Amino acid sequence: MSVARDDVRRVAQLARIDLDEKTTARLVEELNGILSHVESLSEVQLDDPESVDGEQEDAGGSGFRDPELRPDLTDPGVVAQGAPGWRDGFFLVPRLPALIDEDGAAGPTLPEDGGP
Amino acid sequence: MAGVEDLEVQERGPGRVGLGTDGGAEPEPGLSGALTRARSVDEGPEGLNCFLSLAPDPGGHTGETRKGPLAGLPVAVKDNICTTELPTTCGSRFLDGYQSPFEATAVRKLREAGGLVVGKTNLDEFGMGSSTENSAFGPTRNPWDPSRVPGGSSGGSAAAVAAGVVTCALGSDTGGSVRQPAAFCGVVGVKPTYGRVSRYGLVAFASSLDQIGTFGATVRDATQLLEVVAGHDPRDATSARRPVPSFVQELDQGLEGKVIGIPREYLPESLDPGVAASFRAARARLEEAGATIRDVSLPHTRYAVPTYYVLAPAEASSNLARFDGVRYGTRAPEARSTGEVYAASRSRGFGPEVIRRIILGTFALSAGYHDEYYGRAQRVRSLISRDFHRVWADGVDLLFTPTAPTPAFPLGERARDPLAMYLSDIFTVTANLAGLPAVSVPMDPVRGLPCGGQFLAPPWEEGRMLAAAAALERSYASDGGRE
């Protein structure tokens with residue numbers, strides 16, 4: 001299995017990453033090197049029906065915690081601290097393309113202070 | 001730069017840096033002394049660059065009023081472990097200046113035990129790398145030879161211990177990121193059983209493989225810190241509901257009657273001859289100390305690196321989806337739509353290795369390739385795990401291997417060849433894939449550079465494993481240190 005530029009472009013789109021042509025070309029080369037190394041996995045005999053995932057050593061009875069209310073981190077003051085854009089309890093993002101005005105104006109701009 | 005040349009590492013031997021009684025690198029007690037030393041070793045263009053942020057200087061020793069097993073002890077923390085008082089950057093531009101609103105359980109525990117967080121240490125971005133060269137804030141240098149890498153991804157923590165800034169530090173180990181830098185820097189590095197230490201507050205890279213680990217100048221230092229941070233945490237559903245024995249009390253057990261397996265797959269012909277010689281000498285010491293050595297086989301070892309480099313990027317591509325420029329971190333200011341915010345912020349915020357792994361992982365999980373890559377790698381992972389269980393069932397108490405196939409390599413040597421870099425994890429990824437505890441402990445140096453040996457143990461047998469590491473350490477100490 002080898003990948004071409006279009007494969008890398010498609011995967012980058014899925015991963016929400018913009019790649020320029022130079023980086024795409026480099027990644028094609030690097031991924032093909034890595035994938036040829038990974039090819040060795042195809043020689044492993046996997047006919048044992050039990051050899052599937054979910055066979056990790058039991059973590060000694062780790063499990064779910066009791067359902068109980070406790071303080072969480074949704075305190076707006078705390079969340080706003082790290083957010084690039086925040087106002088009135090909401091994260092601010094540029095308007096969706098479908099909502100951009102016909103004259104091309106994008107949605108509301110972010111507040112200068114980026115916080116409440 | 002002050003700090004590197006006065007370590008006298010060649011004369012003092014590995015593992016002794018920072019703990020000697022002959023002056024030089026011995027850490028001053030308390031936070032102020034550690035901060036002074038941290039600034040000194042990191043200073044200047046040729047500085048080690050161990051720390052990304054430092055605690056405020058209290059202006060004097062603070063250890064007197066603290067209680068607990070780490071009372072007043074300065075501890076360094078890898079910068080992918082969340083702290084509320086210092087930024088948590090993960091070595092990434094994306095999180096430059098990010099302040100976590102919560103604290104990792106491991107950090108809370110070390111503070112409650114009297115420990116003092118000196119600062120946050122440098123790492124490969126989000127833990128992705130084996131040399132600490134993938135940090136957005138510049139590489140860390142090896143205290144033994146500043147032209148070489150300290151290993152990675154926890155290179156800052158390893159170098160901080162080796163340079164005598166602290167006697168112990170926290171790191172994280174997804175494929176060897178505590179053990180390999182410990183080996184390269186001549187210190188002790190422990191990766192506990194998966195589930196032994198809470199991952200709450202550890203920024204996730206590959207959740208089924210990540211585990212917080214500890215560094216120490218000696219086995220005892222690393223063990224003491226592990227004992228403090230280990231234990232069940234309701235905030236991490238994968239943390240085990242198991243009691244934590246006193247690992248420190250078990251350290252003097254010795255090796256009498258223990259069966260130590262040497263897996264032949266970990267001694268390939270391509271192994272650096274110096275590492276092979278150091279390993280043979282360590283093996284002889286284990287026999288002298290009363291262990292029975294048995295040659296064993298772990299036949300699926302050769303598939304470990306390809307398995308790891310499918311599974312870890314796949315999990316990373318999912319975990320790092322949270323970095324979208326909306327809720328925290330960097331946002332590309334020019335983005336005009338939500339979609340553009342995601343793509344432009346991620347492309348700008350992530351470095352080349354992180355992008356490489358996200359692309360690789362997204363590919364391995366994408367429609368049409370999922371079964372061929374991710375599904376197959378999961379099944380091979382089971383076979384790798386089963387190899388170990390067979391060996392334990394055959395009466396082997398511990399396994400002993402080299403930690404890495406070479407000593408520390410020069411800065412830049414493997415930076416342009418990702419596959420060559422990935423292969424430096426060849427002896428360490430198996431413990432993560434199988435969820436086993438493992439420790440790297442210094443052996444004889446190779447060409448003047450530190451070299452580590454690795455013990456692996458059955459799940460939850462950290463006590464047995466650390467006792468063996470301590471026995472090997474005592475053996476070197478008893479005849480005046482390593483060659």
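Values below: every heavy atom of this structure, side chains too, minus hydrogens, waters and symmetry copies. Note that the structure is a prediction, hence the values are computed from the model and not measured. Note on naming: letters A, B, ... go to the chains in the order of the sequence lines (proteins, then strands), and numbering restarts at 1 for each one.
Put simply, of A:Val38, A:Leu14, A:Val3, the one with the most heavy-atom pairs under 4.5 Å next to chain B is A:Val38. Considering only heavy-atom pairs separated by less than 4.5 Å from chain A, the leading option among B:Val341, B:Thr330, B:Leu320, B:Thr307 is B:Thr307. For the options A:Gly33, A:Gly82, A:Ala12, heavy-atom pairs under 4.5 Å to chain B are most numerous at A:Gly82. For the set B:Val310, B:Val326, B:Thr193, the count of heavy-atom pairs under 4.5 angstrom toward chain A peaks at B:Val326. For the set B:Tyr342, B:Tyr373, B:Tyr303, the count of heavy-atom pairs under 4.5 angstrom toward chain A peaks at B:Tyr303.
If you measure heavy-atom distances from B:Ser317 to chain A, you find no contacts under 4.5 Å at all. Heavy atoms of B:Ala377 lying under 4.5 Å from chain A belong to its backbone as well as its side chain. Heavy atoms closer than 4.5 Å to chain A are found in both the backbone and the side chain of B:Ile359. Heavy atoms of A:Gln13 lying under 4.5 Å from chain B are absent altogether. Contact of A:Leu27 with chain B is made through the side chain alone, with heavy-atom distances under 4.5 Å. Using a 4.5 Å cut-off between heavy atoms, B:Glu372 touches chain A through its side chain atoms alone. For B:Arg348, no part sits under 4.5 Å from any heavy atom of chain A, backbone or side chain. For chain B, the nearby parts of A:Leu41 are the backbone and the side chain; heavy atoms of each come within less than 4.5 Å.
In summary, B:Arg93 and B:Glu125 do not engage in a salt bridge, as defined by a charged side-chain N under 4.0 Å from a carboxylate O.
For residues 306-315 of chain B, there are no salt bridge (charged side-chain N to carboxylate O under 4.0 Å, His left out) pairs, not counting sequence neighbours.
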A:Asp6 and A:Arg9: CA distance, side-chain angles, deciding distance, salt bridge (Lys or Arg N to Asp or Glu O under 4.0 Å) verdict = CA-CA 5 Å; A:Asp6 280 347; A:Arg9 284 194 198 104; 2.6 Å; yes
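Panel note: side chain B:Arg331, backbone A:Pro84; no donor-acceptor pair is recorded below 3.5 Å.
Aromatic ring orientation, B:Tyr422 versus B:Tyr309: parallel (interplanar angle below 30°, classes split at 30° and 60°).
With hydrogens and angles left out, the side-chain atoms of B:Asn319 and B:Ser207 include a donor and acceptor closer than 3.5 Å. A donor-acceptor pair shorter than 3.5 Å can be found between the side chains of B:Thr174 and B:Asp210. With 3.5 Å as the limit, one finds a donor-acceptor pair spanning the side chains of B:Thr238 and B:Arg199.
In plain terms, the two heavy atoms of B:Leu423 and B:Pro405 that are nearest each other are O-CG, 4.1 Å.
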